[in-house]
Q: 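One structure, pasted below without further comment.
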Amino acid sequence: MTTIRTADMLHSLLHRLRDGAPGDPVSREEIEFLLNLTAPQDLDILFRAAAGTRAQYFGNQIFLYGFLYFSTFCRNNCRFCQYRRANTGLPRYRKTPEEIIDAAERMAGSGVHLIDLTMGEDPAWHENGEAGFKRLAELVEEVHKRTGLPVMVSPGVLPEVVLERLAASGVHWYACYQETHTPALYTDLRQGQDFDTRIARKHQARSAGILVEEGILTGVGETTADIAGSILWMRDFGVDQARVMTFVPQPGTPMAGLPGRDNLRELVTIAVMRLVLRDCLIPASLDVDGLDGLPARLSAGANVVTSIVPPEQGLAGVANRSLDIEESRRSLDTILPVIKGCGLEAASADDYLAWADRRRKSHFLK
Ligand code: SAM
Ligand code: MD0
Ligand code: SF4
């Protein structure tokens, strides 16, 4: 039930957020108030306001990202992730540069706007000194050249010089998710990985002229205060893309037995991110709930469909390894009608490239 006081507060806060300039101060308490909304009529108002803010910056245009998980080997032991090193029961693969380029070309041909090259922290790439990372830079260059599309890399934590080398190779994006900005929770989730180093790499990528995507998880024991802290961090950094995904418990991991998922928290977080971060890109990931989960995420204010994975190439997802992939429900011909059904439409690749280039320039001009 909504009290009159809640309704009044919600109304005036949304009004302020709508009319304020990007970066206008919104307090931690206000963000927590929004994150704590539960009554259906309040959520409806929240989601509509978020969709309105999206329309203000992006009209009805949605961007589309191809996801290419090219090595599922990893030296880390994140407690939430099925690709953690200690999960020895998992079949793994490592694609060759030729296979990666071929898959990227096919994805580009299907109509995506960006290629996201993702891997576990595979020792073959990460612990092969200069040579391993030189190959990564060459791969980025080649994928960009062959597809004409911007490239995102999601390779884990890279040495600073490698970020500079990737920038010189023309990479557009570096994705490196903190999962939470509360150090104690981070240490629990990403065991053995340094909090500050992971943060520092994002600043270094920004300084090298690369767009930065940040991401958090819900359902991993976080409080609303933790999520509010993450949103404030993202605002203060000025991230270019902000992601939230619901944790999906995975067999073979220490968090396999965690209670069932509450996807509402992800949706509310998407909406609050949209209202606070405004002109930032916000993904609706197919990785959590597949195609069935897309309309709700778009209705909450997301403007990028991510984790588009073609079938028949032996490619995997992260949060869910196989959900909807071989059924072709993560391919554009099945996704586009769903986008349309939400009253939205796919942008053109040129529009996406123009957005990304404008965004990169805006950081240099600051
Ligand atoms: N290995 C690189 C790294 O960790 O930065 C790149 C992979 S990263 C893009 C994989 C992301 O998927 C994680 O950062 C996390 O946000 C998400 N993820 C992994 N396991 C998940 C799970 N079980 N449920 C939901 N999201 C998960
Ligand atoms: C996705 N499974 O887009 C991918 C992944 C990595 N940059 C993204 C989490 O949902
Ligand atoms: Fe490895 Fe990334 Fe999974 Fe962590 S989230 S175990 S770094 S693949």
Q: Checking E32 against T224: is there a side-chain donor and acceptor pair closer than 3.5 Å?
A: no
Q: For the pair D226 and T180, evaluate side-chain hydrogen bond (donor to acceptor under 3.5 Å, both in side chains) and give the outcome as yes or no after the intermediate values.
A: CA-CA 7 Å; D226 293 328; T180 172; 5.2 Å; no
Q: Between H144 and L149 (side chain of the first, backbone of the second, donor and acceptor by atom type, cut-off under 3.5 Å), is there such a pair?
A: yes
Q: OH of Y174 to CG of L163: how many Å apart, nearest 0.5 Å?
A: 5.5 Å
Q: Does a side chain donor of either D116 or S154 reach within less than 3.5 Å of an acceptor in the other side chain?
A: yes
Q: Is R5 salt-bridged to D8, going by a charged N under 4.0 Å from an acidic O?
A: no
Q: A quick test of your reading: do over 12 heavy atoms of other residues, nucleotides or ligands sit less than 6.0 Å from CD of E127?
A: yes
Q: Run the side-chain hydrogen bond (donor to acceptor under 3.5 Å, both in side chains) check on S331 and T334 step by step: do they pass?
A: CA-CA 6 Å; S331 307; T334 49; 5.1 Å; no
Q: Looking at L37 and L43, what are the two nearest heavy atoms and their distance?
A: O-CD2, 3.6 Å
Q: Side-chain contact, heavy-atom cut-off 4.5 Å: F67 with S307?
A: yes
Q: Can you tell me how far the CZ atom of R265 sits from the OG1 atom of T38, to the nearest 0.5 Å?
A: 11.5 Å
Q: Using the ring of each side chain (for Trp, its six-membered ring), is F63 parallel, tilted or perpendicular to W355, with breaks at 30° and 60°?
A: tilted
Q: Go through the side-chain N and O atoms of R135 and N128 and say whether any donor and acceptor fall under 3.5 Å apart.
A: no
Q: Just checking H203: does its NE2 atom have more than 12 heavy atoms from other residues, nucleotides or ligands closer to it than 6.0 angstrom?
A: yes
